[in-house]
Structure formats: structure tokens, C-alpha cells
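Below is one structure, written out as C-alpha cells; comments come after it.
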Amino acid sequence: MTPKSRNAFRPKILIVDDIAANRFALRQLLKSIDAELIEAESGEEALFKAIEIKNLALILLDVQMPVMDGYEAAELLREEEQTQHIPIIFITAVHRDEQHILKGYSSGAIDYITKPVQPDILAAKISLFMELWRLRFGLEQEIITRSTLEDKNKFLADHDILTNLPNRRRLFLEIERATARADREGKEFALLFVDIDGFKSINDSLGHKIGDCVLIEMADRFTRLVRKTDTVARFGGDEFVILLTDVDDSQHLIGRINQILLSARKLIIIEHEEISLSASIGVCVYPAQLSDPSKLVDFADIAMYKSKQNGKNTFSFFSEEMDAAAHKRLAVEKQLRHAIKNDEFEVHYQPIIDAATERPIGVEALLRWNNPTLGSIPPDYFIPIAESTGHIHEIGAWVFEQSIMAITEITSKLPLNLNVAVNASTLQFKNSTWFKTVQKAIKAKKILPENLEIEITESLLLDDCEEVNQQLSAIHELGIRFSVDDFGTGYSALSYLKRCPINTVKIDRSFVQGIPEDKEDMVLIHAIIAMAHGLNLKVIAEGIETPEQWLFLKQENCDFAQGYYFSKPLPINELKLWLSDNS
Ligand code: C2E
Ligand code: CA
Ligand code: CA
């Protein structure tokens, strides 16, 4: 036994007496007892020490002390959780009458010894208490050791010893749990089968010890990337299974899978060895791709083999469609980086008609992308990707410059006062690139601010962010107008219309398409126009395709119109022709 653990088994006795000579006398009497003796000279000090000191087996408490007497101290000791079970023996010079004894016992004394103390009686009593303490202490220790052993066994039963990650057994329990949760809440989760590429050669060339370190490092990296509700399990050898919960957004899921791939690729340095690895991942989504949870791991494993066949260091989805969609997105992301430089973008312009004169008063600039390998990609698809990669700032500035150049060119040749409306995504208001481009163009008089309109979404106006509000006001101060795009599809809180510098609302195409069959759509259009006019705002209806729709909107006093009925979005040269025919 080490000195420290021996000490832990040695009981302590607290001697409480206000008179030093009495404490000294007790010390002498207890010399033969195997216990550590501690002294306190008041009731208060006794309380303090009783709480502080561990392994206190007994308190010898003098009854007569100034300030706090023994009875009071005993009562307080009984109230404290840490001290209520420590036996107390009262030592008293008070005459041994019934009443005093009773008071002593009711304050929590276990025994009573009167002064002058009989050495034999004292030693015998105290030895007994020490024996009792040792028995109890031993029992407590036994319980503690057993329960930590039990915890440890429980942990080992469902964890991997090397990485401390959940093992297969635990993984299947977690899959059951995730399935129940997904079913209950109508959510999805993804199961990733992750296999380390080239791990075998590390084991063969550098030895198992380094191989083990690599696995521990990978386990660590993966664990750091997931959320609390997710699971990273070691499936066996160099295979891990990662359970990602709440993955309803597939773009977000792909982002997370890419992070895992990236983390596996980062250099590992162990004992001066530089190790460079990668991972192949197979993905199965529950319940989108597979409704039988017991097959999830097998199917993710099959998908993982697809990744191996495709040259490793990549992911594959179990379902063909999802796989195609995910890889298309990645390809788009890659091609988008060079689209401006490679001159793959073009801006088309869709005329906007003044209802009063039935003549064009402006155009909306709409971006087109033609990529040599991917073909023509619709903006609805690539704009959100450009937003998530951050390219939207550069793209937005490019569209803006193209648009004002086009307007200048057209108005220099045709006797027309033409406005141009440019779409701006919310993100463009959170970075100054685009704003600076606009500001520069206005200052350089490349376009008059009154000929410019910026189309924003309702969500931007509800995004109560300092930066956004500042840019909105700054652009407004330049004299540029704003219109709210896709009006009616988003939020119901309309108070922002009064608060923000808005001039126009654009009734969404989905309402216009309801004319003339859908009476509800028509009631809504009527209400939107009335409300907008009440707030002194102009109204544009977009997506007009038929003469009936146009007639209805004119009757409702809609101010401007846009749609295939008048013209599709056109490249600049075709627009020029259209304008000279229709102005
Ligand atoms: P949006 O701003 O609501 O643009 C109107 C969309 O409706 C355009 O689709 C247009 O071609 C289409 N459209 C116009 N009239 C009709 C019609 O009569 N019938 C039908 N079925 N469709 C009509 P497009 O060009 O595919 O653009 C889609 C969306 O992409 C735009 O919706 C806009 O949100 C976004 N977008 C386009 N260019 C840009 C851009 O330069 N910057 C940003 N941030 N977003 C852009
Ligand atoms: Ca628009
Ligand atoms: Ca729109």
C-alpha cells in the first residue's frame, strides 16, 4: 500500500474543547488509538473542520463552550449533509442527571462521557467507533470500485477500445434511435460508410503502431466535424460509419460530406512520418433512398465501393438520381468559378410595359449561362450555388455593369427613356463589392439613378441586419429605386413596406397564372394592388402569358406588365429590334 492510500484508510478524530489543557489531556489518553487527532477550540471551528476534513470517524465534543455550546454545535452538525452521520460523543463536566443526558441525545449525541474521564472507558468506546468506521469505510470503497468497474464494462461493451468510438453494436442501436426519431418527426438522416483509402499500406510499411495512431487521428477528426446528435462509429478495421441527423437540405449534406473528405486528406504527422491519405464515402439517406433501416449500412457500403471505383477520395450516393444530382452540383460549382473569365455569361433583357401607354418603359436584366461542358444552366439553379460559394458578389457586379452598358447603348441609338431593373441577391447587401460598383457607376454618370431599379426579395427586407440596412439606405440616397420581387410568396408581415425605401412591388407569376380560373388568385391580386396603391407604391405584374391575364390586370389598375405575352427575355441585339418595332 502506498503512504497515500494508507492515509486514506486512517480514521480521524476531532477533539473539540475551548480549553487547551483539556484537549491536551484527551490527546494523551488517545495515544494508543490508531487514528489521526485533530483539534478545534470552538463550536464554529468544529463545524468548519467537520465539513472540510475527509474520513472523520468521530467527534469528541465538549458541552460547555462559550458562544456556541456543544448542544448547538451538535444540532448544526446533524443538519449538514456531509456531517450528519459522523458519531458524536459529548464530554461533559456537568452533573450526570437525567435531563442533561436527554438533551445531549436529542441533539444527536451517540454517547456521553463525563469528566473526569475514565481512561479505560474512553479507550474502549473509541476503539469500538474506530472499528465501526473501518467496516463502513471498507464497504463504501468496495461499492465505489464495483460501480466504476461496472461503468467501464458497460463502456467497453459498446465502444471500440482503440478509438473510444461507439462500436458496431452501439451503432445499430443508434440507427434504431435515429430511425424512430426520423419517423416521428418526419425528418431524414444520412448514413455515411467511410473507408480510409490506402490504409493497408500504412500498416504494412510503417507498422501497426503507427497504423493505430492514424485510426485514432481519423476518429478524432471525424468526431470534431459532427454535431452532438450525430454518431461516429468504428465499424471495423479502417471503416467508420457516420450518422448525420437532420439532413433535409441535400446541398447542406453535400457540404458536410465534403468537409469529411477534406479532413481525411489533411496531412498526418506521426513520429516524423508524414502520412497523406484520403477517404472513400458511400451515402444512404433514410427514408428518401431506403425505407428499410436494417439495410442502410449494407447499401452505404455498396455506395462506398462506387467511390473506390471512381478513383477514391470521393463520395457516392446509394441512389442513382441523388448521386447524379450531387455530382452535377459539384461540377456546376467547379465550372462557375471560371464562367466570367471564360466569357460564358450573357445578360438577356425582358421588356416591361407601361399599362397606361402599352409601350415599353424598361427592361429586367436576367442572367444566362452557357457552359461548353454543362450546356445551358438556368439561373434558378446556379444563382443559389453562386451564393453558397461566394461568387455571387463578382457575378452581381458583372451583371450590373453589363446592364448599364446595354441601356446606354440602346438609348444612344433609339429615342427612348428606358429603365433597367437588376436582380440583387440578399448576400450582395452583406458585402461591399457590389455596392461600390453601383456607387462608382452613378458617380461617373454612366447611368442616371432614376433609370435604375434594383429588385430585392421580401426576405432581405425582413433581415434586420445593420450592414443590410446601411446599404439599402446608401443606395436609396443615391436616388435608386427598389422593387420587391416575387411579392406575395414570402412573408405576411407587410409593415416593412412602410419602413423601407420601396417604390414598386412585383406580383409573383404564380398569382398571374391563376387568371382567369383561380378566383382566389384574382382576389389576392386585387387586394395587393389596392394595398400597394394605398401605400403609394407602383405595381408590376410578372409572368403575363395570355390576353385574358393582361385584360384583367389592366382592369385592376396594375401599373406595369411583364411576361411572355409581350416578349421573352432577349439578347441585346434582339431587344434592340423588338424595341424599334414596339415603341
Ligand atoms: P425573377 O427575378 O422572378 O425573374 C423572372 C423569371 O420569370 C425569369 O426567369 C423570366 O425568364 C421568367 N419569366 C418572365 N416572364 C415569364 C412568363 O410569361 N412565363 C414564364 N413561365 N416565365 C416568365 P429566369 O430568367 O429563369 O430567372 C429565374 C430567376 O433567377 C429570377 O427570377 C431571379 O430570381 C434569378 N436571377 C436571374 N438573373 C439574376 C441575376 O442577375 N442576379 C440574381 N441575383 N438573380 C438572378
Ligand atoms: Ca426579378
Ligand atoms: Ca419574380
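Sequence positions, counted from 1, serve as the residue numbers for this chain. Bear in mind the structure is a predicted one, so any value in this text is a computation, not a measurement. Atoms within each ligand, like the ligands themselves, are counted from 1 in listed order.
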Donor-acceptor pair, distance only, cut-off 3.5 Å: does the side chain of [X] make one with the backbone of [Y]?
X      : Y      : answer
His327 : Phe315 : yes
Arg227 : Thr245 : yes
Asp559 : Val539 : yes
Asp195 : Asp238 : no
Ser580 : Leu577 : yes

Is any NZ, NE, NH1 or NH2 atom of the basic residue among [X] and [Y] found under 4.0 Å from an Asp or Glu carboxylate oxygen of the other?
X      : Y      : answer
Lys554 : Glu358 : yes
Glu453 : Arg481 : yes
Glu409 : Lys576 : yes
Asp197 : Arg265 : no

With heavy atoms under 4.0 Å as the rule, classify the contact between [X] and ligand 1 as side chain, backbone, both or neither.
X      : value
Leu367 : both
Lys506 : neither
Asp486 : side chain
Arg509 : side chain

Below 4.0 Å from ligand 1: does a non-hydrogen atom of [X] turn up there or not?
X      : value
Lys568 : no
Glu364 : yes
Gly543 : yes

[X]: its N/O/S atom lying closest to the Ca ion (ligand 2) (atom name):
X      : answer
Glu364 : OE2
Glu455 : OE1
Asp485 : OD2

Enumerate the atoms of ligand 1 whose separation from the nearest heavy atom of [X] is less than 4.0 angstrom.
X      : answer
Gly563 : 15 (N), 18 (O)
Ser425 : 44 (N)
Gln350 : 14 (C), 15 (N)
Glu545 : 17 (C), 18 (O), 19 (N), 20 (C), 21 (N)

Out of [options], whose heavy atom is nearest to [atom]?
atom                    : options                        : value
atom 39 (C) of ligand 1 : Ile456, Asp485, Asp380, Asn423 : Asn423
atom 18 (O) of ligand 1 : Phe566, Tyr564, Trp434         : Tyr564
atom 11 (O) of ligand 1 : Gly396, Pro569, Ala421         : Pro569

Original post:
Taking atom CD of Gln549 and atom CG of Leu553, what is their separation to the nearest 0.5 Å?
Top reply: 7.5 Å

**OP:** Please round to the nearest 0.5 Å and tell me the distance separating atom CD of Glu188 and atom CG of Leu244.
**Re:** 12.5 Å

**OP:** Please confirm if an N, O or S atom belonging to Glu542, backbone or side chain, lies less than 3.0 Å from the Ca ion (ligand 2).
**Re:** no

Original post:
N/O of Gln562 under 3.5 Å from N/O of ligand 1, yes or no?
Top reply: no

**OP:** Determine whether Ile268 and Arg221 make a side-chain contact, defined as any pair of heavy atoms from C-beta on separated by less than 4.5 Å.
**Re:** yes

